[in-house]
Q: 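Let me begin by handing over the structure; questions about it come next.
For clarity, every value in this text was computed on a predicted model and none was experimentally measured.
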Amino acid sequence: MIAFVRGPVAALAPTTAVIEVGGVGMAVQCTPDTLAGLRIGQEARLATSLVVREDSLTLYGFADDDERQVFELLQTASGVGPRLALAMLATHSPDALRIAVATGDEKALTAVSGIGKKGAQKLLLELKDRLGEPVGARIGRQGVGAAVTPSWRDQLHAALIGLGYATREADEAVAAVTPQAEEALAEHGQAPVPQLLRAALQTLNRAR
């Protein structure tokens with residue numbers, strides 16, 4: 001198993017970072033929040049989880065070991081593969097997921113793309129007692145499902161800057177997808193950063 005990769009960031013894409021390790025470019029699937037903390041040319045260390053399939057080897061990368069552990073624990077639930085587990089971590093921090101599971105918060109789970117009401121109920125049953133107690137110091141009065149990561153605007157803006165867009169372009173793209181984000185917040189209580197990033201990139205591509 002590849003426990004982590006360390007090296008300069010060679011390239012960034014909306015869902016992938018390429019880390020140069022010993023002269024080899026390792027493509028690592030990451031959440032927008034993890035990608036937002038990376039810069040091309042700078043040294044990075046990502047905790048990783050290697051998923052082996054008959055026709056593929058996929059490396060998933062995380063900001064720290066705790067996030068990787070939660071990624072792997074989520075997949076112990078039936079019907080949860082690496083893509084859905086990554087989507088859950090793209091929407092909620094590890095501690096927010098722990099709180100949601102511990103308190104039976106269906107709304108927090110249905111905010112994740114691909115999880116409906118019945119799926120959320122099933123996940124709450126299967127993941128109970130598996131994720132452990134929250135470890136972050138900022139959890140408490142914020143309440144169930146409260147963000148412990150930067151706001152969707154900050155995450156999206158940082159991800160666009162990390163992908164090489166100018167500050168002005170990032171500002172305009174964030175403004176363009178704000179109605180979509182506000183609609184999601186009103187309906188689900190969460191803004192889906194991965195979908196917003198894709199929408200923002202589409203607006204930037206049309207502007208060029």
Side-chain angles (χ1 to χ4, degrees), residues 14-15 29-36 62-63 67 70-71 73-75 77-128 130-131 134 136 138-163 165 169-207:
T15 60
Q29 300 288 313
C30 304
T31 65
D33 198 35
T34 298
L35 290 169
F62 309 93
E67 194 172 45
V70 171
F71 171 77
L73 287 172
L74 289 172
Q75 293 177 72
S78 60
V80 178
R83 289 186 179 182
L84 183 56
L86 196 68
M88 293 172 75
L89 286 166
T91 305
H92 299 292
S93 71
D95 273 349
L97 284 172
R98 290 184 176 106
I99 291 177
V101 170
T103 58
D105 186 359
E106 289 181 21
K107 186 177 179 180
L109 294 188
T110 55
V112 178
S113 177
I115 299 180
K117 183 178 177 64
K118 290 184 178 180
Q121 293 171 342
K122 185 177 180 182
L123 284 172
L124 289 173
L125 287 173
E126 292 195 26
L127 292 173
K128 188 177 180 181
R130 294 189 191 182
L131 299 184
R138 290 186 288 171
I139 300 291
R141 295 183 180 179
Q142 295 182 46
V144 176
V148 294
T149 55
S151 70
W152 72 264
R153 286 186 176 85
D154 292 337
Q155 291 182 62
L156 183 57
H157 194 276
L160 291 168
I161 295 297
L163 289 170
Y165 290 97
E169 291 178 308
D171 290 340
E172 292 174 353
V174 170
V177 301
T178 293
Q180 179 180 339
E182 291 178 344
E183 182 179 346
L185 283 167
E187 185 174 349
H188 302 293
Q190 294 286 339
V193 175
Q195 292 93 318
L196 292 173
L197 179 58
R198 287 193 290 272
L201 290 171
Q202 289 174 356
T203 66
L204 288 167
N205 290 334
R206 286 197 295 266

Q: Would you call L74 and L123 a side-chain contact if the rule is heavy atoms closer than 4.5 Å?
A: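 No, too far: nothing below the 4.5 Å cut-off.
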Q: Side chain of T103, backbone of I99: donor and acceptor closer than 3.5 Å?
A: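 Indeed, once roles are kept as given, a pair shorter than 3.5 Å links the two residues.
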Q: According to side chain to side chain contact (heavy atoms under 4.5 Å, CB included), who are the partners of A90, at least two apart in sequence or on a separate chain?
A: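 A90: side chain to side chain contact (heavy atoms under 4.5 Å, CB included) contacts with T31, P32, P194.
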Q: What closest approach, in Å, do L73 and R130 show between heavy atoms, and which atom pair accounts for it?
A: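 Heavy atoms of L73 and R130 come nearest at CD1-O, 3.5 Å.
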Q: What residues, two or more places apart in sequence or in another chain, satisfy salt bridge (Lys or Arg N to Asp or Glu O under 4.0 Å) together with E67?
A: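 Not a single residue meets the salt bridge (Lys or Arg N to Asp or Glu O under 4.0 Å) criterion with E67.
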Q: Report the C-alpha distance between L204 and E172 in whole Å, list the side-chain angles of each, state the deciding distance to 0.1 Å, and finish with yes or no for side-chain contact (heavy atoms from CB on, under 4.5 Å).
A: CA-CA 8 Å; L204 288 167; E172 292 174 353; 5.7 Å; no
Q: Mind checking the CG-CG spacing from L109 to L124? Nearest 0.5 Å is all I need.
A: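 Between atom CG of L109 and atom CG of L124 there are 5.0 Å.
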Q: Please output the side-chain donor-acceptor pairs of residues 78-89 that fall under 3.5 Å, not counting sequence neighbours, one pair per line with the distance.
A:
unit_1	atom_1	unit_2	atom_2	d
S78	OG	K122	NZ	3.3
S78	OG	E126	OE1	3.3
S78	OG	E126	OE2	2.6

Q: Which residues pass the side chain to side chain contact (heavy atoms under 4.5 Å, CB included) test with E183, sequence neighbours left out?
A: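 Checked E183 against side chain to side chain contact (heavy atoms under 4.5 Å, CB included); zero matches.
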Q: So which atom in A111 and which in T91 form the shortest heavy-atom distance, rounded to 0.1 Å?
A: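 Residues A111 and T91, closest heavy atoms: O-CG2, 4.1 Å.
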Q: Any chance you could measure L35, atom CG, to T15, atom OG1, to the nearest 0.5 Å?
A: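 OG1 of T15 is found 7.5 Å from CG of L35.
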Q: Once rounded to the nearest 0.5 Å, what's the spacing between atom CD of Q180 and atom CG of L185?
A: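 Result: 11.0 Å between the selected atoms.
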Q: Under the ring-ring contact (aromatic ring centres under 6.0 Å, His included) rule, collect the residues that match up with F71, sequence neighbours excluded.
A: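 Testing F71 for ring-ring contact (aromatic ring centres under 6.0 Å, His included), a comparison that skips the adjacent residues, returns Y60, F62.
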Q: Going by heavy atoms in the side chains, are L201 and P14 under 4.5 Å from each other?
A: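 L201 reaches P14 side chain to side chain.
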Q: Which heavy atom of L156 sits nearest a heavy atom of A200, and at what distance?
A: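 It is CD1-CB, 4.3 Å.
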Q: Looking at every heavy atom in both A120 and T110, which two are closest together, and how far apart are they?
A: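 So the minimum-distance heavy-atom pair works out to CB-CG2, 3.8 Å.
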Q: Which atoms form the tightest heavy-atom contact between A63 and T34, and what is the distance?
A: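 Between these two residues, the closest heavy atoms are N-OG1, 3.7 Å.
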Q: Tell me if a side-chain donor or acceptor on H157 pairs with a main-chain N or O of V174 at a distance below 3.5 Å.
A: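 Not confirmed, H157 side chain does not pair with V174 backbone.
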Q: For K117, which residues count as a side chain to side chain contact (heavy atoms under 4.5 Å, CB included) partner, sequence neighbours excluded?
A: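 With neighbours one apart ignored, the set is E106, Q121.
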